[in-house]
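Here's the structure, in structure tokens; my notes come after.
All figures in this text were calculated on a predicted structure; none of them were measured in a lab. When a ligand or atom number is given, it counts from 1 through the structure's own listing order. Each residue takes its place number in the sequence, starting with 1.
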Amino acid sequence: MLRFKNLGSGSSGNATVVQAGSPGCLTHLLIDCGLGVRQLDQRLGQAGMLAEQIDAIFITHEHGDHIGCARQLALRERIPVWMSRGTYAAIGEPDFDGLLRIAGDAQPIALGALEITPFTVPHDAREPLQLTCSDGATRLGILTDLGHATTHVLQQLSGCATLLLECNHDPQLLAASTYPPFLKRRVGGAWGHLANSAAAAIAQSVSPFGLRQVVAAHLSEQNNSPELARAALALVLGAATEIHVADGRSGSRWLSA
Ligand SMILES: [Zn+2]
Ligand SMILES: [Zn+2]
């Protein structure tokens with residue numbers, strides 16, 4: 001069994017719990033910790049969990065909406081934290097008291113009932129990684145924070161039944177927004193964030209390989225809407241693929257991958 005719950009998504013803070021295994025023998029992975037520790041505890045509580053149940057933390061990159069309270073939580077609960085060498089360098093190489101684990105592109109990591117495979121993405125961070133999670137039967141792709149899809153990204157996502165997929169902005173809303181020009185260029189650029197149409201193109205290229213569910217995530221509050229993200233995905237995906245939209249603050253419900 002492979003399940004997940006997004007606990008919050010977008011610039012107000014990203015965190016997702018992935019659960020694999022069988023009752024009584026579950027593995028829990030927390031992907032990103034982009035919230036204050038009290039807020040994260042609260043949202044884990046709403047997910048029916050305690051922080052002490054988390055077996056590992058994976059940090060995708062050093063931006064504040066992802067790294068958040070990672071070190072504090074890891075030290076408090078003695079949880080190993082995985083991140084790339086570049087992400088660790090970018091946060092100033094703080095002491096993790098033996099809990100730091102270095103992740104690398106296309107190097108699978110076994111975590112109890114879960115196997116995760118990180119992969120490099122184009123984003124304006126030092127060495128950003130996204131990942132797939134598998135329980136041996138089903139594969140979940142996590143893909144937030146990238147400027148564009150590369151062949152490498154699409155290869156890594158092939159065979160995923162579910163995608164948690166960045167649908168950051170609508171280009172017209174971004175162009176018309178109050179963002180300063182440099183920020184518009186950054187967000188809309190090749191090392192920024194995915195437009196709805198770019199996200200839809202990724203989902204479309206994964207869909208012939210068994211995609212049955214997409215959760216739109218990391219939506220911009222100013223430059224997107226759940227309706228626009230959903231419509232862009234629906235335009236390219238058949239009726240057999242379910243579409244959900246993660247809320248910026250409350251995330252998603254528990255979903256089977
Ligand atoms: Zn982000
Ligand atoms: Zn980022």
* Are the aromatic rings of His218 and His66 close, with centres under 6.0 Å apart? -> yes

* Asked: Do His169 and His193 make the cut of ring centroids closer than 6.0 angstrom?
  -> no

* To do: Any pair with a residue in residues 75-92 that passes side chain to side chain donor-acceptor pair (under 3.5 Å), sequence neighbours left out, goes on the list, sorted by first then second residue, please.
  => Asp41-Arg76, Arg78-Asp97, Ser84-Thr87

* Identify which one of Asp32, Asp65, Asp145 satisfies the side chain to side chain donor-acceptor pair (under 3.5 Å) criterion when paired with Asn14. => Asp65

* Structure fact -> A correct count of protein N/O/S atoms found below 2.8 Å of the Zn ion (ligand 1) gives 4

* salt bridge (Lys or Arg N to Asp or Glu O under 4.0 Å): pairs with one or both residues in residues 185-213, sequence neighbours excluded -> Asp124-Arg186

* With sequence neighbours left out, which residue pairs that include part of residues 21-49 fulfil the ring pair (Phe, Tyr, Trp, His ring centres under 6.0 Å) condition? -> none

